*Asks:* 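Just dropping this structure here.
Quantities reported herein were computed from a predicted structural model and do not represent experimental measurements. Letters go in sequence order (proteins before strands), and every chain restarts at 1.
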2 protein chains.
Amino acid sequence: MTAPQTFSNAKFDAGWSLRFEAGAAAPAGGRIVSHRARAMIVDEGDTSNAVYEIVEGGVMVFKLLPDGRRQIIEVLGVGDVFGLASTAVSDVSAEALTPVRLAMFDRRAVDLDAALRDRLFQRLRAQMCALHDHALLLGRKSARERVATFIMRLVAGRGGVDCSGPRRTNQPGRDDRARVGLAMTRQEIADYLGLTIETVSRAFSALRRDGTIAYDRQDEVQIGNVCGLCRLTGSH
Amino acid sequence: MTAPQTFSNAKFDAGWSLRFEAGAAAPAGGRIVSHRARAMIVDEGDTSNAVYEIVEGGVMVFKLLPDGRRQIIEVLGVGDVFGLASTAVSDVSAEALTPVRLAMFDRRAVDLDAALRDRLFQRLRAQMCALHDHALLLGRKSARERVATFIMRLVAGRGGVDCSGPRRTNQPGRDDRARVGLAMTRQEIADYLGLTIETVSRAFSALRRDGTIAYDRQDEVQIGNVCGLCRLTGSH
DNA sequence: CGCCATATTGAAACTAGTCAACCGGAGTGG
DNA sequence: CCACTCCGGTTGACTAGTTTCAATATGGCG
């Protein structure tokens, strides 16, 4: 599984970028804990007073129904936070998407440390916006739009309100390509987009058939025309 | 449109209650503004530095796709907050669901007033949990489950992890009834649940046909057996 | 009384889900 | 070294659930 360069997620329309590599800025403080990819970090219903801030890597936050249906609620990267339910009982589960390093804080520390609380607050607001976008996707977009949106979110700096647009070059219409790593399996993508694995697979195949995307490895996609893909998201 | 007594929404599984009537506790501070039902409060894309806290009434927060598809993201009541996007540009629109009174704060005031910020932070965490639940509903539940979940959320104190259960009485199995006001039109419910108006209508009709609910006015539902309805939500 | 909104119901079309077969690469063991 | 297996992904055929389109109620209000 190749770790992608960037993973633009939070608040799609604002075009924020979500990264998996450790940031230059020194992180948090707090106790650093590490997990391997696909390790369980928090289980829904756990009583825990821990709040987590991602230092490096990616995390999937999800919920399960009693019969096993799973919805991945958010996919998080460096700087994102989780474990901030308003009670001591976690309302969600969290699993490492990649090998991950986390800064772990006690809930009480959040009450005491104003700088930490401000950072969490600010990040929570950003993640809230991403959640809004995702609700729109889950409630109103077609399978094709969902997959197009998912891929677009992996293209750093594109597709948001502040989208840089295709780079201006001497050849108009050219040089609007990108290559993104997926990091997630088809099943995970399906659980994130509220679809089945077959529907996701078919959507990828259809996009490849009509030339919108290309790939050899199924976890690394090339986009010939980013603006063209963006038009398939339903958002633009 | 009869204002319901209570509207249990935020973090379904935690069973928090959302009310439309003004609370006993003195509110916020901030400038009080009022809107009539269905009045537009914020428009997606607006540049505004206002943060709102609901003093009385209900608010619908939603997003639109360019072709007019609408997703109602959250339905908010007293104490809930909105306008907390992480940039000055609002990522969502907000409309009054009932006549509503709002406490309006300047974003800068939030940075200065620690008590206010803590209150907003705490509430944001609660609303984030509600959003998690709603993503699960939108991504993974059937139409029937969505409507059952919607109705259950209107039953104060029931359906959460801390559900009080049917009241214990001398007649076991009795006295597990409830009556709830809907406050929303079928179209609004549909846009909230990620369905069409016809599907919502059919789900209500089916629940009425099989005796799970009863109603004369379409905006006021009687539940004969709350636990029975709860079993149809998919969550239990 | 009659109009306009909203809601309900029916029938047909379509999207996504289900079930099942198959493919292909990675790892295992004879 | 190669057959075998396992697992994730793809594809096909069929089904189910939801949407779409259209007609018909119902209810509030002038």
*Asks:* What is the separation between atom CD on E145(A) and atom P on dA16(C), rounded to the nearest whole Å?
*Replies:*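 About 9 Å, once rounded to whole Å.
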
*Asks:* To the closest 0.5 Å, what do you measure between CG (L154(B)) and CD1 (I223(B))?
*Replies:* 7.5 Å

*Asks:* Quick one: look up who dA22(D) pairs with, Watson-Crick or G-U, both distances under 3.5 Å, and put none if it's unpaired.
*Replies:*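 Per the H-bond distance test, dT9(C).
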
*Asks:* With sugar-phosphate meaning primed atoms plus P, OP1 and OP2, does E198(B) contact a base, only sugar-phosphate, or nothing at under 4.0 Å between heavy atoms?
*Replies:*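 Here E198(B) touches the bases of the nucleic acid.
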
*Asks:* Can you measure I197(A) atom CD1 to dT11(D) atom C1' for me and round it to whole angstrom units?
*Replies:*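 Between C1' of dT11(D) and CD1 of I197(A): 13 Å.
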
*Asks:* If you count the non-hydrogen atoms of other residues, nucleotides and ligands that lie under 6.0 Å from CG in D216(A), is the total more than 12?
*Replies:* no

*Asks:* dC7(D) P sits how many Å from R217(A) CZ, rounded?
*Replies:* 20 Å

*Asks:* What is the separation between atom OH on Y215(B) and atom C1' on dG27(D), rounded to the nearest whole Å?
*Replies:* 14 Å

*Asks:* Where the side chain of R186(A) is defined as all heavy atoms beyond and including C-beta, which of dA16(C), dT10(D), dT19(D) is the nearest nucleotide?
*Replies:* dT10(D)

*Asks:* On the nucleotide dA16(C), are OP1 or OP2 found under 4.0 Å from the side-chain N or O atoms that T199(A) carries?
*Replies:*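 Negative; the distance criterion is not met.
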
*Asks:* Which nucleotide sits closest to the side chain of Q218(B): dT8(C), dG9(D), dT18(D)?
*Replies:*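 Among dT8(C), dG9(D), dT18(D), the one nearest the side chain of Q218(B) is dT8(C).
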
*Asks:* Mind calculating the distance between CG (D216(A)) and P (dG25(C)) to the nearest angstrom?
*Replies:* 11 Å

*Asks:* Measure up the F82(B) and Y52(B) rings against each other and bin them: parallel (under 30°), tilted (30 to 60°), perpendicular (over 60°).
*Replies:*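 Plane angle under 30°, so parallel.
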
*Asks:* Of the listed nucleotides (dA11(C), dT8(C), dG17(C)), which one gets closest to any side-chain atom of T196(A)?
*Replies:*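 Side chain of T196(A) sits closest to dG17(C).
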
*Asks:* Based on the glycosidic angle (syn within 90° of 0, else anti), state the conformation of dA5(C).
*Replies:* syn

*Asks:* For a quick check of understanding: with a heavy-atom distance under 4.0 Å over all strands, which category does S201(A) fall into, base, sugar-phosphate or nothing?
*Replies:* base

*Asks:* Anything under 30° is parallel, anything over 60° is perpendicular, the rest tilted; go ahead and classify Y192(A) against F150(A).
*Replies:* perpendicular

*Asks:* When only distance counts, do a donor and an acceptor, one from the side chain of R202(B) and one from the base of dG10(C), lie under 3.5 Å apart?
*Replies:* yes

*Asks:* Determine, stepwise, if the pair V42(B) / V92(B) fulfils side-chain contact (heavy atoms from CB on, under 4.5 Å).
*Replies:* CA-CA 8 Å; V42(B) 190; V92(B) 292; over 6 Å; no

*Asks:* Please report, rounded to the nearest Å, how far the P atom of dC23(C) is from the CZ atom of F204(A).
*Replies:* 23 Å

*Asks:* For dA5(C), take OP1 and OP2 only and decide whether either is under 4.0 Å from a side-chain N or O of T185(B).
*Replies:*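 T185(B) to dA5(C) OP1/OP2: no side-chain N or O under 4.0 Å.
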
*Asks:* Rounded to whole angstroms, how far apart are NZ on K141(A) and P on dT19(D)?
*Replies:*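 Rounded to whole Å, this separation is 17 Å.
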
*Asks:* How close or far is atom P of dA16(C) from atom CG of L138(A), stated in whole angstroms?
*Replies:* 13 Å

*Asks:* Checking only heavy atoms, does the side chain of R208(A) share a donor-acceptor pair with the base of dT11(D) at less than 3.5 Å?
*Replies:*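 Per atom types, no contact qualifies.
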
